[in-house]
Amino acid sequence: MTALPDFRQGVLEAVARVPAGTVATYGQIAWMTGYPRRSRQVGMVLKGLPEGTELPWHRIVNAKGYVSSRGRWWCAMLQIRLLREEGIEVDDDGQLDLARHQWPG
DNA sequence: TGATTGACGTTAT
DNA sequence: AATAACGCCAATC
């Protein structure tokens, strides 16, 4: 319904392809989708996801390897928890080692 | 209809 | 090295 449903769909597919135990950046997802510089839009799509989604949105962090849900404390906490469950070391502030966990893609 | 904002990233200073 | 500015564009005001 909103514009660019194909872009949104592409984002969902790309996120779904990220293997468990690894993380990807917004820019990486945007690149995979075919729109290299729409990292911001990727974030918008993830923001609009329903709670019960099966999509591994928690594996998406910003380029600094840092959880970008700062205002949404509930989402951030959930994301950190999910990442830890996959064996990824995440700081209480939502920071992790990109060089160690980033998906090569 | 126009201006501002924002789960980002890169380039320039 | 740290900070500022720009690009991007849908959603919101």
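By convention in this document, chain letters (A, B, ...) are assigned in the order of the sequence lines, proteins followed by strands, and residues within each chain are numbered from 1.
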Practice problem: Compare the minimum distances between each of dA7(B), dA10(C), dG9(B) and the side chain of Met44(A), then state the nucleotide with the smallest one. | Solution: dA10(C)

Please state how far atom [atom1] in [X] lies from atom [atom2] in [N], giving the value in whole angstrom units.
| X | N | atom1 | atom2 | answer |
| --- | --- | --- | --- | --- |
| Gln28(A) | dG9(B) | CD | P | 10 Å |
| Trp74(A) | dA7(B) | CH2 | P | 19 Å |
| Lys64(A) | dC8(B) | NZ | C1' | 9 Å |
| Arg40(A) | dT4(B) | CZ | P | 15 Å |
| Tyr35(A) | dA10(C) | OH | C1' | 13 Å |
| Asn62(A) | dG6(B) | CG | C1' | 13 Å |
| Gln41(A) | dG9(B) | CD | C1' | 12 Å |
| Arg37(A) | dA10(C) | CZ | P | 16 Å |

Quiz item: Is it true that Glu85(A) and Arg81(A) make a salt bridge, defined as a side-chain N closer than 4.0 Å to a carboxylate O?
Solution: yes

Quiz item: Do Arg84(A) and Glu89(A) meet the salt-bridge criterion of a basic N to acidic O distance under 4.0 Å?
Solution: no

Self-check item: N/O (side chain, Arg72(A)) to phosphate O (OP1/OP2, dA7(B)) under 4.0 Å
Solution: yes

Quiz item: Taking only side-chain nitrogens and oxygens of Arg38(A), does any of them come within less than 4.0 Å of OP1 or OP2 of dC9(C)?
Solution: yes

Practice problem: Begin with the C-alpha distance, continue with both residues' side-chain angles, and end with the deciding distance and a verdict on side-chain hydrogen bond (donor to acceptor under 3.5 Å, both in side chains) for Thr22(A) and Gln102(A). | Solution: CA-CA 6 Å; Thr22(A) 65; Gln102(A) 183 174 20; over 6 Å; no

Main-chain N/O of [Y] paired to [X] side chain as donor or acceptor, under 3.5 Å:
| X | Y | answer |
| --- | --- | --- |
| Arg59(A) | Val18(A) | yes |
| Thr53(A) | Leu49(A) | no |
| Glu86(A) | Ala20(A) | no |

Exercise. Can you check whether any acceptor in the base of dA7(B) is under 3.5 Å from a donor in the side chain of Ser69(A), or vice versa?
Key: yes

Quiz item: Among residues 94-105 of chain A, which contact DNA chain B at a heavy-atom distance under 4.0 Å?
Solution: none

Pairs under 3.5 angstrom, nitrogen or oxygen only, protein versus nucleotides 10-13 of chain B, please.
none

